[in-house]
Every structure is written in structure tokens, then in C-alpha cells.
Amino acid sequence: MPHDTPLISTIVGGIVLAFIFGAFAHRLRMPPLVGYLIAGVLVGPHTPGYVADQSLAPELAEIGVILLMFGVGLHFSLKDLLSVRGIAVPGAIVQIAFATLLGWGLGAFMGWSTGGSLVFGLALSVASTVVLLKALQERRLVETERGRIAVGWLIVEDLAMVLALVLIPAAASIGGEGHAPVEPLSAALSSLFGLDLGIGGMIAMTLVKVALFVVLMLVFGRKLIPWTMHRIAHTGSRELFRLGVLAIALGVAFGAAKLFGVSLALGAFFAGMVLAESELSHRAAQESLPLRDAFAVLFFVSVGMLFDPNILIDKPLPILATIFIIVIGKSVAAFLIVLAFKKPLGTALTISASLGQIGEFSFILAALGVELGLLPEEGRDLILAGAIISIILNPLLFFLCDRMRPLLDGAKREDVVADPPPAADAIAVQEEMLPEDDEVHPTALSGHAILVGYGRVGSIVGQNLKSSATPFLVIEDSDKRIGELKAQGIETLSGNAVMRETLDLANLSGARSIAIAIPNAFEACRIAEQARSVNPSILIVARAHSDAEVDELKQYGADTVIMGEREIALGMVDRLAQVHHESVPYEDGHGPDTIMPTDDPPPERE
């Protein structure tokens with residue numbers, strides 16, 4: 001049996017080098033994805049040494065996109081999507097039109113055809129699914145209002161690109177600028193009934209197919225997919241459940257692409273969204289997480305493989321112009337559009353930073369444009385270079401937006417104070433000067449407790465702290481939970497406790513204790529390490545799912561680590577002893593002031 005197969009060598013080469021260079025990037029305090037991109041360049045055809053299979057790598061990367069969008073759908077309900085349609089739909093359309101216009105202008109300046117310039121502009125207008133979602137997930141923003149707007153904006157962009165992929169071949173064949181097949185359903189109707197639908201008919205057919213897919217998912221998928229997963233869960237086989245999750249994610253995505261012409265990413269998103277209405281959605285997200293992360297890494301490796309470093313020397317000015325359109329032009333347009341809808345400044349900055357890059361749809365459009373003879377190969381190279389550099393610059397863009405926000409917010413408040421309004425408008429001015437809903441401010445507490453996470457475990461801890469009149473605050477990133485906490489009069493900081501800035505706002509140096517109630521051991525270790533370095537005398541209590549996690553958390557500074565499974569076992573032993581050895585009467589511990597050993601399902605075992 002041959003061992004040097006293209007599939008195995010591509011997966012092994014990509015993942016091993018991505019791990020090595022990702023670790024180096026992390027060591028240098030850079031995003032790991034920079035290391036993934038460098039790994040892709042090294043296994044690409046433009047550098048000496050091993051060359052991975054260029055046809056297999058993009059397909060493997062597409063699996064990562066499917067699983068990533070499926071995971072987002074699991075945390076993104078239909079209600080969330082509809083709640084942001086008022087800004088996501090018009091905002092995405094205006095931003096796409098503006099970026100396309102800039103790209104068309106650059107293409108026309110370089111002497112390309114009208115069709116090629118429009119394809120170039122469209123490729124620069126759409127953000128990368130993987131990059132945007134990873135940026136939001138790292139900052140724990142997916143479930144916030146900013147995250148929902150960004151994801152909704154992304155879905156509208158995907159729908160627009162699905163339409164563009166149908167219209168570009170049609171326009172090329174009609175305009176005579178290229179050679180292309182027409183839309184399959186339109187071609188079938190034309191051959192059967194002798195109808196020439198033209199470009200208007202092709203648009204109508206595309207919209208009908210997309211609408212049919214959405215209706216099928218919302219009417220039948222909402223019942224069939226959760227029912228299927230419940231039946232699988234009742235078998236008691238974790239292996240079958242994990243396989244069922246992957247089968248639904250990949251199967252729906254592939255079927256949507258083949259039968260309805262919908263993108264794989266969009267099909268997977270709707271599959272996750274209908275499953276999100278089931279109570280099994282949390283477990284499904286955990287089961288798909290390892291493969292999702294692994295294949296997402298292969299996406300960045302596949303992008304790096306396409307990059308030819310020589311273009312940085314051959315075409316420096318066009319590359320700078322392309323990057324300006326992607327990073328500056330799109331971001332400024334998105335920023336102004338969000339502000340025009342009277343959204344908070346923090347939301348505008350987050351959306352603008354999220355969209356300041358391009359990715360997978362850009363590569364598809366570039367390949368299609370070259371194949372149809374519309375876009376010159378130089379345009380494809382510029383798109384690839386712009387994608388690589390904008391992805392590398394995207395974390396820096398987020399950093400700059402975070403630094404600009406206090407300055408812009410301060411200037412905004414000074415303008416309000418400098419121009420005193422009439423007495424009738426006093427209330428409106430006071431509302432204008434209040435902090436934005438998503439803004440965080442330092443706490444005034446001292447000698448208090450800090451509670452990280454307010455899920456099933458954190459909520460019990462929080463209620464006990466409240467009932468015992470212990471001063472405390474909660475660090476949480478879910479808008480829904482933050483709203484509930486504020487309604488109860490509990491002080492809350494919106495953000496990720498892994499970020500040092502968030503811990504500083506919680507007055508970590510002046511706190512007496514910190515309870516880390518989140519289930520993610522990696523983040524918990526980071527929080528414990530920072531807490532111990534800032535406040536050596538603070539009491540650190542954390543949770544774990546295994547003995548290995550207990551040891552790791554203690555190594556990073558935790559004083560007490562509670563393992564849910566052990567506490568459950570001790571509770572069961574205690575109850576059995578009361579029955580078999582006639583101990584004291586058993587109390588179920590459901591009193592309002594009792595902390596029960598409740599825990600979320602562990603990531604890998606129950």
C-alpha cells in the first residue's frame with residue numbers, strides 16, 4: 001500500500017507546519033493565523049521544497065468553512081437574524097456597491113475590460129467567513145448585538161455572491177466578453193420549451209431556488225433535523241451522535257449547493273440555525289468543534305499556497321491600492337453606514353474592523369473571472385495578495401479600532417456639551433451622553449468577588465453571593481445574560497475575561513476572590529495565570545472536567561478546583577450511605593442559598 005498519497009501528505013504537511021509556525025507566531029504575540037498563512041506559502045508551488053496538492057487543499061478548507069458556519073448557525077437563531085435585517089440588508093448592499101465601484105475604478109485605470117473590473121471589484125467587496133467568525137469568537141462577540149449584526153451582514157454578502165456567481169457567466173456570454181455556460185435551470189427550460197429567459201430570467205430562477213431552499217429549511221428542516229438528532233441521542237451512542245452532527249452539517253451544505261445553487265457555507269449555516277432550536281444544540285456544537293478547528297486551519301494553509309511572494313516586488317503600487325480598498329475603503333464605508341443607522345460607536349468600529357479583509361468568495365470569483373476570460377491573471381494575483389495581507393492586518397485593525405473608540409467617543413461627548421440644547425431637548429441630550437449599551441467602565445468595588453461566566457454553574461454561585469450580601473460583579477459576554485443580570489441589579493462587565501483590559505476594569509488588584517465558572521479549561525488557565533500575577537493574595541476558585549484539568553489549573557495559580565464529576569459522585573455516595581447505613585435524613589439541597597454540584601456536559605466525555 002503506498003503511503004505517499006496526495007490526500008494524506010497534504011493534510012499532514014499542512015497541519016504539522018501550521019502547528020509549528022502558529023506556535024512561533026503565538027510566541028511572538030502575533031495571531032496564530034499568521035503562522036498558518038506562512039505554512040501555506042511554504043508548501044505552495046512558489047517556494048522550494050515540498051509542494052502540497054493544490055486541488056485537494058481548497059476542498060479540505062471548504063469542509064472547515066462548512067463546519068464553522070454550521071457552528072455559528074447553532075448559536076444564531078432565526079429571531080437573531082431577523083432582528084438585524086433592518087441594518088444588515090441595506091448596509092451590506094451599500095457597502096458591496098461602494099467597494100465594487102472602487103475596485104472597478106482601479107481595474108479601469110489599469111486598462112482592464114469592464115467585465116473584468118467589475119469582477120475584481122466584487123471580489124474585493126466580500127469578507128472572509130472564516131476570518132470574520134474567528135475574530136468574533138476570539139473576542140466572544142458572536143452572541144452580542146455587534147456580533148449578530150456582523151454575522152447578518154456576512155449572510156447578506158454570501159447571498160449577494162451566490163447571485164453574482166450565476167450572473168457573471170450569463171453576463172459574459174451575453175456581453176461577448178467571455179465564454180460561459182448559462183444557468184442550468186434556465187438552459188433546461190430553454191431547451192424544453194424554447195424559451196429564452198435572458199439575464200432577467202436567470203436572476204429570477206436564482207432567487208426562486210434560494211427562496212425554495214430557505215422555505216424548505218424553515219418549514220420542514222426545523223422539524224426533521226431536530227427530530228433526527230433526538231432519535232440519535234436516544235440510542236445512547238456518542239459515536240453515532242457525533243456522526244449524525246457531521247452528516248447533517250455536510251449533507252445539507254452539499255445538497256443545498258447541488259440542488260439549489262446555494263453556497264456550501266450558507267447551506268451549513270441554515271442547517272445549524274434550525275438545529276439551534278433543539279436543546280441538543282450545545283452538545284452538537286461541542287461534538288463538531290475539534291474537526292471545525294482543524295479544517296479551519298487548513299483553510300488558511302490553502303490561502304497561503306496560492307500566494308506568490310514575487311508579486312510584492314513586481315506590482316507594489318497596485319497591491320497598495322488593492323489593500324487600501326479592502327482595509328480602508330470597505331472599513332470606512334461600513335463605519336459610516338452603521339453610524340447612519342444610529343448604532344453605537346462601538347458597534348460601528350467592530351463592524352468596520354470585521355469587514356476589513358477578503359477571503360474564500362473572493363478566490364472563487366477570481367478563479368471564475370479568469371476561467372471566463374474576463375479577469376486577467378494579474379487581477380487574480382492582486383486579489384490573492386490583498387487577501388493574504390488583509391488577513392494578516394485584520395488583528396491590527398481590531399486593535400486600532402479598540403484604541404480609537406475612547407478618543408472618538410470623547411470627541412462625540414464634547415460636541416454634545418459644547419452646544420447646549422434647548423430645555424425641551426434636555427432629556428434627549430442626557431440620553432446622548434449616557435454610555436453606550438455595549439460599553440464597559442471600571443468598577444468602584446473593592447474587597448469584592450469576581451465571577452467569570454453566568455451559565456448554569458455561575459448563576460448558582462452568583463445567587464448565593466447575592467443572598468449572602470457579598471459584594472461581587474460578573475464578567476459575561478452574552479447580551480441576553482447581561483440584560484438579565486442588569487435587571488436583577490447585579491453589576492456586570494461585558495467582555496472576555498481572558499483579555500487583560502477586562503480584568504483591569506473589574507479591579508482585579510483590589511478583589512479578594514475570583515470564581516472562574518466557564519467550562520473552557522484553556523481560557524480558565526489564562527485567567528487564573530493573569531489573576532495570580534496581578535494579585536498574588538487573591539483566592540482563585542475554578543472548575544474542571546478531568547484530573548488533568550485540575551492539575552493544570554492549579555499549576556497556573558488556582559487555589560481550589562472543583563471537578564463536577566467528582567462532586568456528583570460524592571453526592572451519590574452520600575445518598576446511598578444515608579439509605580443503606582441509616583444516616584441522617586437526606587435533603588435535596590434545592591434551597592435558595594445552597595450551591596449544588598451542577599456542571600455542564602464535558603467537552604469529550606459525559
Side-chain angles (χ1 to χ4, degrees), residues 137-140 282 285-286 289 443 445 447-466 468 470-478 481-482 485 490-571 589 593-606:
Q137 288 173 344
E138 287 175 358
R139 292 160 179 82
R140 308 286 288 272
H282 178 70
Q286 289 182 334
L289 182 61
T443 181
L445 293 176
H448 58 294
I450 300 173
L451 175 58
V452 181
Y454 205 77
R456 290 196 296 172
V457 174
S459 59
I460 297 174
V461 177
Q463 291 302 320
N464 276 263
L465 291 172
K466 183 179 180 182
S468 63
T470 302
F472 76 102
L473 63 83
V474 178
I475 299 178
E476 179 57 60
D477 58 10
S478 170
R481 291 173 182 167
I482 290 172
L485 287 166
I490 298 175
E491 183 173 351
T492 309
L493 287 178
S494 174
N496 186 356
V498 174
M499 307 299 292
R500 177 63 178 272
E501 294 82 0
T502 304
L503 292 176
D504 289 340
L505 292 172
N507 189 18
L508 183 61
S509 59
R512 295 186 63 183
S513 64
I514 178 171
I516 308 173
I518 58 175
N520 189 317
F522 291 103
E523 293 188 357
C525 288
R526 181 75 180 276
I527 296 169
E529 182 182 26
Q530 294 188 80
R532 182 61 68 205
S533 64
V534 173
N535 189 344
S537 63
I538 193 172
L539 171 67
I540 303 176
V541 182
R543 56 182 290 199
H545 294 299
S546 66
D547 292 329
E549 290 184 359
V550 172
D551 295 337
E552 189 175 10
L553 282 163
K554 288 187 175 181
Q555 180 182 353
Y556 279 94
D559 296 294
T560 303
V561 182
I562 308 298
M563 189 170 74
E565 288 83 351
R566 180 182 293 129
E567 297 302 315
I568 293 172
L570 291 175
D593 299 333
T594 303
I595 299 179
M596 296 183 60
T598 306
D599 212 341
D600 293 327
E604 291 301 328
R605 60 186 180 86
E606 297 180 41

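- Residues Leu473 and Leu445 have side chains in contact (heavy-atom distance under 4.5 Å, counting atoms from C-beta outward).
- A donor-acceptor contact shorter than 3.5 Å is absent between the side chain of Glu565 and the backbone of Ser546.
- Nearest heavy atoms, Gly453 versus Ile518: CA-CG2, 4.0 Å.
- Inter-residue side-chain proximity for Ile490 and Tyr454 is flagged as met; some heavy-atom pair is nearer than 4.5 Å.
- Applying the salt bridge (charged side-chain N to carboxylate O under 4.0 Å, His left out) test to pairs two or more places apart or on separate chains, none has a residue in residues 508-519.
- Nearest heavy-atom pair, Ile516 versus Ala528, reported as atom, atom and distance to 0.1 Å: CD1-N, 3.9 Å.
- With sequence neighbours excluded, the residues forming a salt bridge (Lys or Arg N to Asp or Glu O under 4.0 Å) with Arg532 are Asp559, listed by chain and number.
- Ile514 and Ala531 get closest at one heavy-atom pair: CG2-CB, 4.3 Å.
- With Asn535 contributing its side chain and Leu508 its backbone, the two residues share a donor-acceptor pair below 3.5 Å.
- Of the inter-residue distances, the one linking Thr502 atom OG1 with Gln530 atom CD reads 9.5 Å to the nearest 0.5 angstrom.
- Of all heavy-atom pairs spanning Ala558 and Val561, the tightest one is CB-CG2, 3.8 Å.
- Atom NZ of residue Lys466 and atom CG of residue Leu451 lie 13.0 Å apart, to the nearest 0.5 angstrom.
- To the nearest 0.5 Å, the span separating CG on Leu505 from CD1 on Ile475 amounts to 8.5 Å.
- Side chain of His545 to main chain of Ala521: no donor-acceptor pair is present (N/O by atom type, distance under 3.5 Å, no hydrogens or angles).
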